[in-house]
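Here the structure is laid out as structure tokens; the discussion comes afterwards.
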Amino acid sequence: MIKSCATIALVPTIKSGPWIYWNDLEKSMAHASSLGFDAIELFTASSDALDVATTKTLLEKYQLQLAAVGTGAGKVLHGLTLTDVDEAVRKKAILFIENMISFGASFNAPAIIGSMQGNVPVGLDREKSLQWLAEGLNYLGKHAASLGVQLIYEPLNRYETNLINTLSDGAQFLKTNQINQVGLLADLFHMNIEEVDIAASIRAHADFILHVHFADSNRRPVGYGHTNFNEIAKALQEINYQAYVSAEAFPWPSPQEAASKTIDSFKQLFKN
Ligand code: LER
Ligand code: MN
């Protein structure tokens with residue numbers, strides 16, 4: 001069964017971005033739970049931003065799963081990426097993500113590597129950046145596997161990275177570099193910009209997709225843009241996708257209405 005999820009941003013210094021709920025963990029969980037969401041996805045400042053035992057108690061109280069943890073704060077707050085030209089920065093990026101993987105593993109939740117992949121800097125050989133990315137993902141994938149969790153790599157649109165923008169390039173990259181313990185994230189907002197046919201790409205890369213970010217063409221909640229979701233939902237059902245569609249969308253027009261629109265669209269599309 002495909003499961004519903006809403007994102008919660010818990011980094012007070014970050015004031016805007018594509019997350020449904022903001023800053024108050026318990027209030028956000030109570031609201032998501034009251035709407036019938038299956039899970040939450042967390043965006044935290046670091047691996048020790050939340051106490052594991054307290055978070056487990058809240059998940060239990062509100063009958064929610066932790067679907068995934070984002071690692072992007074490593075870049076936004078500290079400028080860390082896996083492809084920085086400075087080896088010391090790459091090492092710090094790996095450690096940041098490694099700790100985040102361990103935090104997620106306490107809940108059996110995978111970590112997501114999106115913006116922490118970085119970019120090929122102007123003037124640098126693209127192959128060098130891809131080699132650093134492969135080394136980082138390989139090492140981190142093994143760490144995740146040793147803790148019994150998946151690791152999720154996310155192709156982003158061209159305005160956020162010049163490394164890998166499509167599921168096809170992502171799958172090819174993982175195969176070529178024999179990065180066997182890492183799968184892909186299908187973010188429907190990025191895919192709306194980069195893919196020729198979103199549903200066809202989902203079908204073609206079924207074996208790689210571990211997580212879906214659920215947002216409309218304009219990154220508003222599903223139903224507030226012009227993406228045609230019927231074909232996409234059909235494709236996810238056809239490939240027997242069993243994980244989360246997680247609303248990583250702007251809190252528009254408000255967090256509560258964004259959550260509500262998301263769950264209505266989810267129910268309509270997946271009828272479960
Ligand atoms: C960033 O645009 C994004 O989609 C995130 O999930 C990656 O950190
Ligand atoms: Mn995303």
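These numbers come from a predicted model, not from an experiment.
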Parallel, tilted or perpendicular for F214 and F229, by the 30°/60° rule? perpendicular
Give a yes or no on whether the backbone of I164 and the side-chain of R158 come within a donor-acceptor separation of less than 3.5 Å. no
According to salt bridge (charged side-chain N to carboxylate O under 4.0 Å, His left out), who are the partners of E257, at least two apart in sequence or on a separate chain? none
Heavy-atom neighbours of Q131 CD exceed 12 at 6.0 Å: yes
Shortest non-hydrogen contact from P251 toward W19: CD-O, 3.3 Å
Report the residues that fulfil side-chain hydrogen bond (donor to acceptor under 3.5 Å, both in side chains) with K234, sequence neighbours left out, ordered by chain and then residue number. E231
Go through the structure and list residues passing side chain to side chain contact (heavy atoms under 4.5 Å, CB included) with S146, not counting sequence neighbours. H143
With sequence neighbours left out, write down each residue that passes salt bridge (charged side-chain N to carboxylate O under 4.0 Å, His left out) with R219, or none if nothing qualifies. E160, D187, E248
Would you kindly confirm whether I198 and L156 end up in one hydrophobic cluster when ILVMFWY residues are joined by side chain heavy atoms under 4.5 Å apart? no
Got a sec: does the CG of N108 have more than 12 other heavy atoms crowding it under 6.0 Å? no
Is there a path of hydrophobic side-chain contacts, each under 4.5 Å between heavy atoms of I/L/V/M/F/W/Y residues, joining I20 to W22? no
Between N157 and N165, does a side chain to side chain contact (heavy atoms under 4.5 Å, CB included) hold up when you go through it step by step? CA-CA 5 Å; N157 75 67; N165 306 123; 5.6 Å; no
Below 4.5 Å, heavy atoms only, C-beta onward: do F43 and I8 meet side chain to side chain? no
Between the side chain of T81 and the main-chain N/O of Q117, is any donor-acceptor distance below 3.5 Å? no
Checking N240 against Q242: is there a side-chain donor and acceptor pair closer than 3.5 Å? yes
Should V89 and L130 be regarded as members of a common hydrophobic cluster, given that ILVMFWY residues are connected when their side-chain heavy atoms come within less than 4.5 Å of each other, either directly or indirectly? yes
Spacing of CG belonging to D264 relative to OG belonging to S260, to within rounding of 0.5 Å: 5.0 Å
Taking C-beta and beyond as the side chain, do K91 and I94 meet within less than 4.5 Å on heavy atoms? no
Residue pair W132 / L82, side-chain heavy-atom distance below 4.5 Å: no
Tell me whether N228 contacts the main-chain N or O of N230 through its side chain, where contact means a donor paired with an acceptor under 3.5 Å. yes
Heavy-atom donor-acceptor pair, Q150 side chain to V182 backbone, under 3.5 Å: no
How far does CD of E154 sit from OG1 of T71, to the nearest 0.5 angstrom? 9.0 Å
Check whether any side-chain heavy atom of F208 sits under 4.5 Å from a side-chain heavy atom of K175, and report yes or no. yes
Nearest 0.5 Å, please: how far is OG1 in T13 from NZ in K15? 7.0 Å
Candidate pair Y244 and Q65, rule side chain to side chain donor-acceptor pair (under 3.5 Å), full reasoning: CA-CA 10 Å; Y244 295 96; Q65 301 294 313; 4.9 Å; no
List the steps and the verdict of side chain to side chain contact (heavy atoms under 4.5 Å, CB included) for M116 and L80. CA-CA 7 Å; M116 284 209 59; L80 305 175; 3.7 Å; yes
Within a strict 4.5 Å, meaning less than it, do heavy atoms of the F270 and L236 side chains meet? yes
Return yes if some donor-acceptor pair links the side-chain N/O of H205 with the main-chain N/O of S201 below 3.5 Å, else return no. yes
Pair D216-T227, side chain to side chain donor-acceptor pair (under 3.5 Å): steps then yes or no: CA-CA 6 Å; D216 218 315; T227 298; 3.3 Å; yes
Donor-acceptor check, side chain of S106 to backbone of S102, threshold 3.5 angstrom: yes or no? yes
Verify same cluster id: L25, M100 (apolar side-chain graph, 4.5 Å): yes
Which ILVMFWY residues can you reach from L95 by hopping between side chains whose heavy atoms are under 4.5 Å apart? none
Quick note, side chain to side chain donor-acceptor pair (under 3.5 Å) partners involving residues 33-45, not counting sequence neighbours, are S4-D38, E41-H211, E41-H213, E41-S246
For T166 and E195: C-alpha separation, side-chain torsions, deciding distance, then whether side chain to side chain donor-acceptor pair (under 3.5 Å) applies. CA-CA 6 Å; T166 60; E195 303 282 349; 4.9 Å; no
Can a donor-acceptor pair be found, under 3.5 Å and without considering hydrogens, that links the side chain of S265 to the backbone of V222? yes
Hey, mind stepping through V52 and F107 against side chain to side chain contact (heavy atoms under 4.5 Å, CB included) and telling me if it holds? CA-CA 8 Å; V52 171; F107 306 88; 3.9 Å; yes
Do we see a donor-acceptor contact under 3.5 Å between the side chains of E98 and Y139? yes
Under 3.5 Å, side chain of E194 to main-chain N/O of M191, donor-acceptor pair present? no
Compare all side-chain heavy atoms of V120 with those of T83 and state whether any distance is below 4.5 angstrom. no
With no hydrogens and no angle check, is any side-chain donor or acceptor of N119 less than 3.5 Å from a backbone partner on N162? yes
Test item: R90 side-chain N/O and D84 main-chain N/O as donor-acceptor pair under 3.5 Å: yes
Shortest non-hydrogen separation from F103 to S47 and the atoms involved: CD1-O, 3.4 Å
Going from CD1 on I97 to CD1 on I112, what distance comes out if it is rounded to the nearest 0.5 angstrom? 12.0 Å
When you compare the side chain of L185 with that of Y153, does any pair of heavy atoms fall below 4.5 Å? no
If two hydrophobic side chains count as joined below 4.5 Å and joins carry through other members, does V245 share a cluster with I239? yes
So, taking the atom named CD1 in I202 and the one named CG in L167, what distance separates them when rounded to the nearest 0.5 Å? 7.5 Å
Would you please test Y21 and I40 for side chain to side chain contact (heavy atoms under 4.5 Å, CB included) and show each step? CA-CA 10 Å; Y21 293 112; I40 53 164; 5.9 Å; no
Report the distance from atom CD1 of I179 to atom CG of L137, rounding to the nearest 0.5 Å. 5.0 Å
Would you say the side chain of T262 lies within less than 4.5 Å of the side chain of F37, judging by non-hydrogen atoms? yes
K261 to Y224 six-membered ring, cation-pi geometry met (6.0 Å, 45°): yes
